[in-house]
Amino acid sequence: MLNLIKDLFLDTGHLNKDGIRIHNEKDLAEMRRACKLAADTLDMIGNHVEPGVTTEKLNTLCHEYMLDNGSTPATLGYRGFPKSCCISINHVVCHGIPSTKRLKENDILNIDVTCILDGWFGDSSRMYVAGQATKKASRLIRVTHDALMRGISVVKPGNTFGDIGEAIQQYVESKKMSVVRDFCGHGVGTTFHSAPNVLHFGKKNTGAVLQTGMFFTIEPMVNLGRPETKILADNWTAVTKDKSLSAQFEHTVAVTTEGVEVLTLSPMDKFFPSSKIS
Ligand code: MF3
Ligand code: CO
Ligand code: CO
């Protein structure tokens with residue numbers, strides 16, 4: 001017997017015509033747990049970001065927190081990545097490797113964690129500040145955060161991935177900043193990175209159509225200068241070519257019949273570092 005409910009059920013656990021996995025309610029319950037743990041980890045680490053601390057120390061704290069809560073850090077050993085989170089300071093765009101380098105006053109940094117809990121991946125990143133952010137850095141952080149939220153605001157069944165890209169790009173460029181093209185968001189679930197590529201630029205009404213049951217990340221990287229990046233000799237660290245400051249925020253979201261559920265919201269409302277910003 002075919003009815004709407006049955007059709008939806010038959011579709012779950014399958015790839016749609018664009019190769020994007022459509023999940024069911026049970027998957028969503030699992031995904032909520034993994035994503036909440038990523039958000040809890042990012043809440044926890046915020047209390048330790050201050051001038052003088054090494055990024056290695058922040059990495060260890062994230063590593064232990066994830067393990068203590070029954071999860072494993074997805075980045076550790078992923079394609080040879082050596083650490084349990086990525087920490088990207090100032091002109092580092094993404095994939096910075098934690099090290100013995102100490103934070104100094106005014107540094108801005110992105111910490112990106114992915115927890116694997118019972119086989120499900122929760123992926124999120126936020127900006128933090130050592131001490132207080134300069135005016136320029138504050139503006140960059142605010143615009144990057146708002147760009148992510150504008151992208152999320154157009155997530156609902158029937159809209160397209162191009163709608164997300166356009167919402168982000170239009171906003172960022174209206175503020176005379178630039179969107180990085182070399183990295184994108186991604187499908188996520190029982191694997192770290194799956195279809196589709198979620199571009200942070202583009203044209204509305206293009207790309208795959210959003211469907212209830214999709215899980216993916218939106219994670220715009222925004223530069224104060226030009227969008228071009230290059231990879232350092234460690235084969236991971238991506239930096240702005242012109243050495244301008246860069247920022248990034250990342251949420252994992254689910255498309256629902258109502259529109260969107262943001263799975264990596266901060267339980268303590270710490271997603272945006274308000275108190276560190278001028
Ligand atoms: N968490 C990153 C993302 O948002 C991926 C990091 S992969 C690593 O997709 F190997 F650099 F850790
Ligand atoms: Co991601
Ligand atoms: Co991430």
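Quick note: residue numbers are just sequence positions, from 1. We count ligands from 1, going down the list as the structure has it; atoms in each ligand are counted the same way. Computation of the quantities below employed the complete heavy-atom set of this structure, encompassing side-chain atoms and omitting hydrogens, waters and symmetry-equivalent molecules.
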Check: Is the distance between the ring centroids of Tyr78 and His193 under 6.0 Å?
Finding: yes
Next item on the list: Report the residues that fulfil side chain to side chain contact (heavy atoms under 4.5 Å, CB included) with Thr114, sequence neighbours left out, ordered by chain and then residue number.
Entry: Ala74, Asp112, Phe121, Asp123, Phe192
Checklist line | Heavy atoms from other residues, nucleotides or ligands near CG of Asp269 exceed 12 (cutoff 6.0 Å) | finding: no
Item checked: Asp40 and Asn69: side chain donor to acceptor below 3.5 Å -> no
Next item on the list: Please confirm if an N, O or S atom belonging to His186, backbone or side chain, lies less than 2.8 Å from the Co ion (ligand 2).
Entry: yes
Check: Considering residues at least two apart in sequence or located in another chain, which fulfil the salt bridge (charged side-chain N to carboxylate O under 4.0 Å, His left out) criterion with Glu56?
Finding: Lys83
Notebook entry, point to check: Is a side-chain donor-acceptor pair under 3.5 Å present for Gln170 with Glu166?
Noted result: no
Checklist line | Side-chain ion pair, Arg126 and Asp43, N-O less than 4.0 Å | finding: yes
Check: Can you tell me if NZ on Lys156 sees more than 12 non-hydrogen neighbours from other groups inside 6.0 Å?
Finding: no
Item checked: Sorted by chain and number, the residues that approach ligand 1 to under 4.0 Å with a heavy atom -> Thr75, Tyr78, Phe81, Cys86, His95, Asp112, Thr114, Asp123, His186, Phe192, His193, Glu219, Trp236, Glu250
Check: Is Arg181 close enough and on-axis enough to Phe201, meaning under 6.0 Å and within 45°, for cation-pi?
Finding: yes
Check: In terms of side-chain heavy atoms, does Asn223 have a donor or acceptor partner in Thr240 at a distance below 3.5 Å?
Finding: no
Notebook entry, point to check: Closer than 2.8 Å to the Co ion (ligand 3), how many protein N/O/S atoms do you count?
Noted result: 4
